[in-house]
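Heavy atoms only: backbone and side chains are in, while hydrogens, waters and symmetry mates are out. Only a predicted model underlies this, so the values are computations on that prediction, with no experimental measurement involved.
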Amino acid sequence: MNRSKLIVTPASSPNEEGSLLTVTPESAGWKYVGFEVVRLAEGQSLSRETAGLEVCLVLLTGKADVVTKQAEWKNIGQRMSVFEKIPPYSVYVPNDDRYEVIALTAVELAICSAPGAGNHKARLIAPDQVGVETRGYGNIERQIHNILPEQEPADSLLVVEVFTPNGHWSSYPPHKHDRDALPDESFLEETYYYRVDPGHGFAVQRVYTDDRSLDETLIVKNGETVLVPRGYHPVSAPPGYDVYYLNVMAGPTRTWKFHNDPEHAWIMTKPREA
């Protein structure tokens, strides 16, 4: 059985640089979002030029030193599992810069990228700068960490992580952002990077458009990435399995204006108390 082209599966082991999974605009067939997962052993380092891209380095797990052309941050990182549910350390790096990540422990690093315009300096995004919120109610309740929201400086990137408890739904009610039709809706490409606890579990994600020219229901495993080029994209965490995902979004305008599926928008209204 062939798996969906919307699912990007990691390599069985990292390459020489530590890279496990890479999404580029060319590989995804779109224009803006790039995403990579790198796994570094203690003492290993990764050095890159940003060229025309701005980058958000998210320390998913582990501790590291991070150095750019103008700044450096020593011994950042605190969580050893994303399921500790505490905000991560991240570093924003503009285009025409460089970065080096030196692993002080085993590190899992997310490299989120999109076109940069050189308008911002490299900076640390510490856990206390990450907006934490609970979204939804009942079995659509989930925890949100706003790592790089539109209120914070960047040229293109939007980065957020979400914790969906087992038996809950998120990115719900189904919403989309595939039309450049502001102020009502913005066009944003999006990736979902998944971790599942316990790791042998799975998540379910549906990606579909109003006309059903795209309509896929995906079984997503721990460590995989889903591409959302267009359409609605709700997520379900099966009973017994907590689901984490990191979202990277970018488009022609750096704002998140979404449109709920009219058939399911009523779910946003809480049922009346008896």
Side-chain angles (χ1 to χ4, degrees), residues 17-25 28 30-40 46-73 76-79 82 86-103 107-132 144-162 188-195 225 227-228 244-251 253-256:
E17 281 194 310
S19 182
L20 274 172
L21 178 151
T22 303
V23 174
T24 65
W30 58 32
K31 187 174 179 181
Y32 298 97
V33 170
F35 180 69
E36 185 176 6
V37 177
V38 172
R39 187 171 295 161
L40 301 175
L46 174 73
S47 298
R48 296 271 180 85
E49 303 284 335
T50 59
L53 302 175
E54 65 177 1
V55 170
C56 183
L57 304 170
V58 181
L59 274 169
L60 296 171
T61 60
K63 297 183 179 184
D65 295 338
V66 178
V67 182
T68 67
K69 283 183 178 179
Q70 305 296 333
E72 63 179 312
W73 297 274
I76 61 172
Q78 59 179 339
R79 67 187 188 190
V82 296
I86 55 177
Y89 279 83
S90 304
V91 174
Y92 172 84
V93 189
N95 58 291
D96 297 323
D97 204 329
R98 64 175 297 277
Y99 60 85
E100 183 177 15
V101 180
I102 304 103
V107 163
E108 185 173 63
L109 176 73
I111 304 174
C112 317
S113 61
N119 294 322
H120 311 284
K121 293 182 179 180
R123 70 183 188 276
L124 177 69
I125 304 170
D128 61 4
Q129 296 171 289
V130 174
V132 178
I144 313 293
H145 290 167
N146 290 301
I147 297 167
L148 192 57
E150 62 186 85
Q151 296 81 10
E152 297 298 326
D155 293 320
S156 300
L157 278 173
L158 298 163
V159 182
V160 63
E161 62 181 14
V162 179
L188 295 169
E189 302 159 352
E190 186 168 22
T191 54
Y192 277 67
Y193 172 63
Y194 281 89
R195 303 297 293 184
T225 292
L227 310 177
V228 182
Y244 162 95
Y245 54 80
L246 179 73
N247 287 141
V248 183
M249 292 180 281
T253 306
R254 189 175 179 261
T255 186
W256 184 54

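Although no hydrogens or angles enter the test, the distance criterion places a donor-acceptor pair under 3.5 Å between the side chain of Asp97 and the main chain of Lys69. Of the possible donor and acceptor atoms, none in the side chain of Arg48 sits under 3.5 Å from a partner among the backbone N and O of Val101. Side-chain atoms of Arg98 never come within 3.5 Å of backbone atoms of Ser47 as a donor-acceptor pair (strictly under, hydrogens ignored). Formation of a donor-acceptor pair under 3.5 Å by the Arg79 side chain with backbone atoms of Ile86 is found in this model. Not one N or O on the side chain of Ser156 forms a donor-acceptor pair closer than 3.5 Å with the backbone of Ala114. Without hydrogens or angle criteria, Thr50 side chain to Pro94 main chain gives a donor-acceptor distance under 3.5 Å. Side-chain N or O atoms of Trp30 include one that pairs as donor or acceptor with a backbone N or O of Val33 at under 3.5 Å. At least one donor-acceptor pair closer than 3.5 Å links the side chain of Asn95 to the backbone N or O of Ala117.
For Glu100, there are no salt bridge (Lys or Arg N to Asp or Glu O under 4.0 Å) partners two or more places apart in sequence or in a different chain.
The residues Arg39 and Glu108 are annotated as salt-bridged, a charged nitrogen and a carboxylate oxygen being separated by less than 4.0 angstrom.
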task: List the steps, then state whether side chain to side chain contact (heavy atoms under 4.5 Å, CB included) holds for Trp73 with Asp65.
output: CA-CA 6 Å; Trp73 297 274; Asp65 295 338; over 6 Å; no
query: Is there a ring-ring contact (aromatic ring centres under 6.0 Å, His included) between Tyr193 and Phe35 once you walk through the steps?
result: CA-CA 9 Å; Tyr193 172 63; Phe35 180 69; 5.6 Å; yes
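Ile147 pairs with exactly one of Val248, Val160, Val58 by the side chain to side chain contact (heavy atoms under 4.5 Å, CB included) rule, that one being Val58.
Within the structure, side-chain hydrogen bond (donor to acceptor under 3.5 Å, both in side chains) pairs that include any residue of residues 117-131 comprise Asn119-Asp155, His120-Asp155 (at least two apart or interchain).
Between the CD1 atom in Ile111 and the OG1 atom in Thr22 there is a gap of 8.0 Å [rounded to 0.5 Å].
Residues Tyr92 and Glu54 have side chains that bring a donor and an acceptor to within less than 3.5 angstrom of each other.
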